[in-house]
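Both ligands and their constituent atoms are indexed starting at 1 by order of listing.
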Amino acid sequence: VQDEPYDFLQSICLMMWPTPDWMDALPKLANGYGQNEPLAAHTTMRIGGPAQVWAEPQNWDEVAQLTAFCHAQGIPLTWVGKGSNLMVRDGGLKGVAAHLAKGTDKIEVNGNRIYAEAGAASGSVARAAREAGLGGIAFLCGIPGAIGGALRMNAGAYGGETFENLKRVWFVTETGETVEKEASFCKPRYRGTEIPEGWMYKAAEWELTPQDKNEILAKMQEINRARSTTQPLSMPSSGSWFKNVIVTNDNIDSLLKKNLQVKHGDKLNAWKVVDAAGCRGHRVGGAQVSTVHCNFFVNIGAVNGEGAKAADFESLSQFVEAQVQAKVGVALEREVRWVGEDDSES
Ligand SMILES: Cc1cc2nc3c(=O)[nH]c(=O)nc-3n(C[C@H](O)[C@H](O)[C@H](O)COP(=O)(O)OP(=O)(O)OC[C@H]3O[C@@H](n4cnc5c(N)ncnc54)[C@H](O)[C@@H]3O)c2cc1C
């Protein structure tokens with residue numbers, strides 16, 4: 001996203017933040033700071049207003065200083081990984097938005113263990129494990145985020161999850177200290193973890209099982225093939241919009257009435273209920289339910305030049321949620337994370 005021209009941002013990035021009075025007191029970073037950085041350039045959906053202040057720390061001392069400063073001054077600090085699960089509202093983000101730059105992406109293999117820092121791309125970690133003949137995290141190859149985001153979201157695909165085989169994690173706390181914890185400390189659940197307010201993921205270590213490199217390669221190729229045939233990968237998106245649906249006593253009767261073959265405790269693909277509610281292809285402004293995979297919302301406005309707003313995606317999501325509730329009797333929960341402020345002008 002960052003390498004593409006910024007033209008598509010002009011129409012959506014009207015809002016501007018004033019220079020904050022703490023600007024000059026920020027700790028020095030080698031990369032300096034930006035102001036009113038358009039976050040649409042840092043999300044795969046290409047949506048989002050500006051960050052009041054934008055930071056790209058390139059080592060852990062810089063991360064620690066920035067975190068401690070923001071905490072001490074009461075300044076909101078939002079971590080932006082590769083922005084592949086993030087929806088930023090049109091009014092942008094107040095305070096500091098920070099992205100881990102090169103220098104925070106170390107990957108080390110040690111016997112059966114692989115250690116990766118939060119700035120490393122998930123795909124690079126999967127490939128390093130393959131090169132070392134270690135199986136168990138091949139699924140990370142097709143997830144277009146960084147390890148920090150994979151940990152925060154407990155990202156998963158094709159039967160694997162980030163917290164499976166994960167032994168230890170390291171954090172930078174709100175006061176800038178590094179602490180190490182067992183993986184269970186993060187209370188991993190389906191597409192989520194719980195960590196103390198103000199802490200950020202610094203690194204993680206998995207204990208994996210030796211596996212033939214060619215077998216791992218074949219698995220990755222199979223995953224990539226499956227993705228490219230079932231997902232709208234040529235369109236800007238945030239991956240799965242809704243979490244899959246857990247079948248319970250409350251929803252099983254209405255799901256069966258819609259001819260969805262389920263049993264109690266199943267995890268039903270969210271696209272099936274979106275489809276059953278007739279929402280495939282539905283459009284609000286520049287936001288559309290993908291016609292290829294209807295648990296993907298896509299930014300059709302960025303592609304056809306008409307532009308799209310975060311507000312279009314909010315309206316589209318509310319529409320789909322209401323249709324699914326009314327027609328299929330299921331309350332959908334969003335997987336994408338929303339941050340930032342609404343645009344007061346819209
Ligand atoms: C085409 C496509 C396919 C996808 N397929 C999958 C899939 O199969 N499975 C799946 O699970 N997801 C999938 N996703 C969603 C997304 O890629 C994952 O959730 C990914 O792990 C997010 O990583 P990120 O670096 O982009 O995080 P971001 O989107 O930047 O951030 C996600 C959240 O993590 C927080 N965060 C980021 N870094 C840190 C840190 N260091 N410490 C603490 N919090 C942090 C952010 O503040 C935010 O709340 C897909 C997305 C796309 C666009």
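The two atoms that bring Ile300 and Gln288 nearest to each other are CD1-OE1, 3.2 Å, heavy atoms only.
Side-chain rings of Phe163 and Trp206 stay apart, their centers remaining 6.0 Å or farther from each other. Between Phe242 and Phe296, a ring centre-to-centre spacing not shorter than 6.0 Å is recorded. For Phe313 and Trp338, the distance between ring centers is not under 6.0 angstrom. Aromatic ring centres of His99 and Trp79 lie farther apart than the 6.0 Å criterion allows.
The protein heavy-atom contact nearest to atom 35 (C) of ligand 1 is Arg152 CG, 3.6 Å. For atom 13 (C) of ligand 1, the closest non-hydrogen atom on the protein side is Ile143 CG2, 4.2 Å. In this structure, atom 1 (C) of ligand 1 lies nearest to the protein heavy atom Leu233 CD2, 3.8 Å. Scanning the protein for heavy atoms near atom 12 (N) of ligand 1, the closest one is Glu335 OE2, 4.0 Å. For atom 29 (O) of ligand 1, the nearest protein heavy atom (residue, atom name, distance) is Asn85 N, 2.7 Å. Atom 41 (N) of ligand 1 has as its closest protein heavy atom Tyr201 O, 3.1 Å.
Side chains of Trp60 and Glu62: a donor-acceptor N/O pair is absent below 3.5 angstrom, by distance only. Side-chain contact of Asn154 with Glu161: a donor-acceptor pair under 3.5 Å is present, judged by distance alone. Judged purely by distance below 3.5 Å, without hydrogens or angles, the side chains of Thr291 and Arg280 never pair a donor atom with an acceptor atom. No side-chain donor-acceptor contact under 3.5 Å links Glu182 and Ser184. Residues Lys82 and Thr44 have side chains that never bring a donor and an acceptor to within less than 3.5 angstrom of each other.
Close approach of ligand 1 to Gly145 is summarised as follows: ligand atoms under 4.0 Å from at least one heavy atom of the residue are 23 (O), 24 (P), 25 (O), 26 (O). Near Gly81, the atoms of ligand 1 lying under 4.0 angstrom from a non-hydrogen atom of the residue are 25 (O), 28 (P), 30 (O), 37 (C). Within ligand 1, the atoms closer than 4.0 Å to a non-hydrogen atom of Arg191 are 11 (O), numbered from 1 in the order shown. For ligand 1, the atoms closer than 4.0 angstrom to any heavy atom of Thr44 are 53 (C). Every atom of ligand 1 with a heavy atom of Val80 under 4.0 Å away is listed here by number and element: 30 (O). Of all the atoms in ligand 1, the ones that sit under 4.0 Å from a non-hydrogen atom of Pro144 are 2 (C), 3 (C), 4 (C), 17 (O), 50 (C), 51 (C), 52 (C), 53 (C). Each of the atoms 8 (O) of ligand 1 lies under 4.0 Å from some heavy atom of Ala157. Of all the atoms in ligand 1, the ones that sit under 4.0 Å from a non-hydrogen atom of Arg337 are 49 (O).
Residues Phe185 and Val179 are not in side-chain contact: their nearest non-hydrogen atoms beyond the backbone lie 4.5 Å or more apart.
Residue contacts with ligand 1: Gly142 is placed with no nitrogen or oxygen under 3.5 Å of a nitrogen or oxygen of the ligand (distance criterion only). At under 3.5 Å, a nitrogen or oxygen of Lys82, whether backbone or side chain, sits near a nitrogen or oxygen of ligand 1. Considering both main-chain and side-chain atoms, Ser240 never comes within under 3.5 Å of ligand 1 through any nitrogen or oxygen pair. Not a single N or O atom of Trp199, backbone or side chain, sits closer than 3.5 Å to an N or O atom of ligand 1. By the 3.5 Å distance cut-off applied to N or O atoms, Gly83 is counted among the residues near ligand 1.
Without hydrogens or angle criteria, Thr67 side chain to Val63 main chain gives a donor-acceptor distance under 3.5 Å.
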Worked verdict on Ile147 versus Glu117 for side-chain contact (heavy atoms from CB on, under 4.5 Å): CA-CA 7 Å; Ile147 287 299; Glu117 289 183 341; over 6 Å; no
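Of the options Gly149, Ala118, Gly239, the smallest heavy-atom separation from atom 37 (C) of ligand 1 is shown by Gly149. Of the candidates Leu77, Val172, Leu86, Leu86 brings a heavy atom nearest to atom 48 (C) of ligand 1. Considering Gly156, Ala155, Ser84 only, the shortest heavy-atom separation from atom 7 (C) of ligand 1 involves Gly156. Relative to atom 5 (N) of ligand 1, the option among Gln231, Arg227, His293 with the closest non-hydrogen atom is Arg227. For the residues Trp79, Phe171, Trp338, Tyr158, the heavy atom positioned nearest atom 46 (C) of ligand 1 is part of Trp79. Nearest to atom 38 (N) of ligand 1 by heavy atom, out of Gly148, Ala150, Ser238, is Gly148.
In this structure, Lys267 satisfies the cation-pi test against Tyr190, with its NZ or CZ atom closer than 6.0 Å to the six-membered ring centre and inside 45 degrees of the ring normal.
The aromatic rings of Trp170 and Tyr115 lie perpendicular to each other, with more than 60° between the two planes, well past the 30° mark.
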